[in-house]
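I have placed the structure first, in the form of structure tokens, so that the comments after it can refer back to it.
Every chain is numbered from 1, with letters handed out A, B, ... down the list of sequences.
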Amino acid sequence: MSCPHLNQAFKNEKTRDGVLKTYNMIRYIIEHSTFQNRHLLSMRCTECYEINHGSTFMCLQCGFCGCWNSEHFTMHSKKVGHIFGVNSSNGLLFCFKCMDFVSGNEMLTNSMLVKYWDDISVKTSPPSLHGRDGLCGLVNMGSTCFMSTIVQTLVHNPYVLKNSLDQHHYAHCDSDNSSACFSCALDTVIANFYGPSSESSFPSQQKGFIDLLLCSWNANKNLAGYSQQDAHEFLQFFLNQLHSDYVRINKNAVIKPEFCKCIAHSAFQGTLRSSIICTECHDGSNIKFDPMMDLSLDINNKTTLIECLQSFHEGEKLTDFNHKCRNCGSVQNPIKQMTIAKLPPVLVLQLKRFEHRMTGNSVKLNDFVQFPAYLNMAPFCHKEETKHVPDLVYELVAVISQEGSVNQGHYTSMCKITGGQWFRFNDSMVTSVSEEDVLRQQAYLVFYVIRQIG
Amino acid sequence: HPTIQSTSHSIFDNLISSMIQDIVARTTTQAHALRFRYGIDPK
Amino acid sequence: QVKAQIQQHLVESGNYELISNNLSQRLLQEGWTDQVKRLAQEEINNDSKATFTQILSKVEPKASELVSESTKQEILAKIEGFLAEIVDT
């Protein structure tokens with residue numbers, strides 16, 4: 001039930017607008033002040049001067065800041081009758097009469113939109129409950145699991161999902177035919193998965209996927225047919241297609257990948273820094289920067305993802321007969337060290353399980369490699385003497401596994417959806433799984449999303 | 001008299017309690033908003 | 001008052017931000033953050049009309065207990081280190 005005290009205040013339009021204006025101003029301050037200002041000004045109690053003494057609330061009617069643990073805001077409220085306080089760490093409004101956070105008031109929830117409210121309340125509706133989580137299986141159309149696992153992973157990726165729901169492609173694409181345009185097909189999948197269930201039965205929810213198959217086969221004949229393909233290659237193909245569509249709707253503007261704003265490059269692209277280090281004088285001035293859309297990690301003799309990243313980071317001895325050090329002239333084999341110059345918001349790590357031997361046959365490495373639910377990537381980034389690299393904590397959001405051999409295998413994916421629940425996607429079957437189940441997977445591709453910086 | 005240990009514990013407890021209250025605030029407010037919007041317990 | 005002054009100095013020196021970020025990163029990585037969320041969710045599922053105040057009174061004691069000893073000792077050591085510098089000056 002919503003707060004009767006706020007409803008009372010909202011009865012009078014002038015009061016309502018005053019409340020919302022002040023509320024928005026306080027939220028703006030909270031969201032835009034530095035760590036220091038926030039802690040010294042809005043997270044410090046006016047009464048006891050303690051910082052973070054539990055939550056701190058900023059009064060909606062005067063400049064008072066009161067803490068929770070010593071009940072200084074509660075006393076302020078009783079003393080002067082001001083009953084609303086804004087929580088200075090999450091911007092939520094608390095009613096000190098109900099002794100509860102105010103929820104269930106759409107205008108308050110969308111208070112930043114209040115000046116357009118008349119239009120909004122007529123032209124929009126709250127998102128439907130059904131389909132909120134986008135859970136839907138994808139029927140196997142004949143060895144298409146390597147595609148459906150990538151589609152499920154991207155459709156539940158927060159950056160790809162938001163890009164589609166914001167209609168960046170839809171609003172500009174002249175094709176508008178999801179069986180001829182890859183990005184339109186992806187939009188169709190997302191519309192089917194997240195839209196109101198009244199309009200989409202299970203068969204119609206497959207349409208977007210069928211369109212994606214058609215677009216893929218038209219764009220790359222090798223993907224057609226019933227042979228099993230590599231999910232990692234399909235991911236690269238998928239991201240390339242999204243980029244090509246972006247270039248097309250931008251009238252084929254020449255866009256250098258490192259400056260491209262398409263969803264593929266803005267969400268998945270990082271930069272690798274490789275330096276050739278002389279083993280004699282340790283000169284490392286021979287430096288190159290390359291864009292990277294994912295990291296492929298060797299797993300031989302390794303049991304954890306951290307070990308794989310460390311070995312990637314340590315570098316490898318080059319056998320380069322033409323090498324001659326610019327600094328000391330040494331011709332000793334140098335070491336090539338790879339570090340990360342720029343991390344992407346979405347980090348894709350491929351565990352190299354398929355080894356193509358000199359003999360021509362391919363073998364699959366089935367060793368279990370442990371990977372964490374949260375990964376700090378700071379240790380693998382390039383460090384300048386002068387600059388401190390803050391902790392960069394990534395959150396695991398998807399795992400793609402391949403069971404079976406190289407050519408005869410089956411792909412399944414596990415994705416974390418909004419709210420933190422994990423689900424397993426095995427073609428048309430969708431099942432809820434625990435995070436422990438996820439971390440036991442024999443992972444082939446793992447997807448992380450930036451969660452905390454600093 | 002406050003000592004370095006007692007003050008350190010007190011600052012640590014402040015941090016933990018504000019983090020717990022932040023998580024509980026966000027979780028309960030979101031759950032209440034969803035229940036209010038959809039009328040049922042959207043498990 | 002002493003504590004308030006010390007906290008202010010910690011914030012102004014930037015060390016409070018280091019402590020706060022370090023603590024929240026460790027709590028995230030050890031799964032504590034998700035556990036507290038689940039505790040709150042369970043209380044809501046038990047009684048969907050419970051207020052924040054009622055839920056907090058049940059969750060806060062359990063959540064405080066769940067902080068791992070290693071994290072607690074590491075962060076306390078950091079805070080004591082900073083305080084030792086401040087108290088000298």
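Between atom CZ of residue Phe12(B) and atom CD of residue Gln73(C) there is a gap of 8.5 Å, rounded to the nearest 0.5 Å. Once rounded to the nearest 0.5 Å, the distance linking OG1 of Thr7(B) with CD of Gln5(C) reads 11.5 Å. Within the model, atoms CG of Leu76(C) and CD1 of Ile4(B) stand 12.5 Å from one another, a figure rounded to the nearest 0.5 Å. Rounding to the nearest 0.5 angstrom, the gap separating the CG atom in Leu15(B) from the CD atom in Gln7(C) is 8.0 Å. For the atom pair CD1 of Ile11(B) and CG of Leu83(C), the computed distance is 5.0 Å after rounding to the nearest 0.5 Å.
If you measure heavy-atom distances from Ala77(C) to chain B, you find no contacts under 4.5 Å at all. Lys78(C) does not touch chain B: none of its heavy atoms, backbone or side chain, sits under 4.5 Å away. No part of Gln30(B) comes within reach of chain C, as not one of its non-hydrogen atoms sits under 4.5 angstrom from that chain. Neither the backbone nor the side chain of Asp13(B) comes within contact range of chain C, judged by heavy atoms closer than 4.5 Å. When heavy atoms are compared at a cutoff of 4.5 Å, Val36(C) approaches chain B by way of both its backbone and its side chain. Neither the backbone nor the side chain of Phe82(C) comes within less than 4.5 Å of any heavy atom of chain B. Looking at Leu10(C), only its side chain comes within 4.5 Å of chain B, counting heavy atoms on both sides.
Of the listed residues (Ile79(C), Ile6(C), Thr51(C), Val67(C)), the one with the most heavy-atom contacts under 4.5 Å to chain B is Ile79(C). In terms of non-hydrogen atom pairs under 4.5 Å with chain B, the most contact-rich of Ile55(C), Ile19(C), Leu39(C), Val2(C) is Ile55(C).
Using modelled atom types, no side-chain atom of His32(B) and backbone atom of Phe52(C) make a donor-acceptor pair closer than 3.5 Å.
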Can you list the steps and then say if Asn14(B) with Lys3(C) is a side-chain contact (heavy atoms from CB on, under 4.5 Å)?
CA-CA 11 Å; Asn14(B) 275 15; Lys3(C) 180 185 165 188; 3.4 Å; yes

Given side-chain contact (heavy atoms from CB on, under 4.5 Å), test Val59(C) with Ile23(B) step by step and report yes or no.
CA-CA 10 Å; Val59(C) 169; Ile23(B) 295 170; over 6 Å; no

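Summarising the geometry of Glu60(C) relative to Ser17(B), their closest heavy-atom pair is OE2-CB, 3.0 Å, with the distance given to 0.1 Å. Nearest heavy atom pair, residue Met19(B) against residue Ser24(C), reads CE-CB, 3.7 Å. Minimum interatomic distance between Ala63(C) and Ile20(B) (heavy atoms only, all atoms of both residues): CB-CD1, 3.5 Å.
The closest side-chain heavy-atom distance from Leu27(C) to Ile16(B) is below 4.5 Å.
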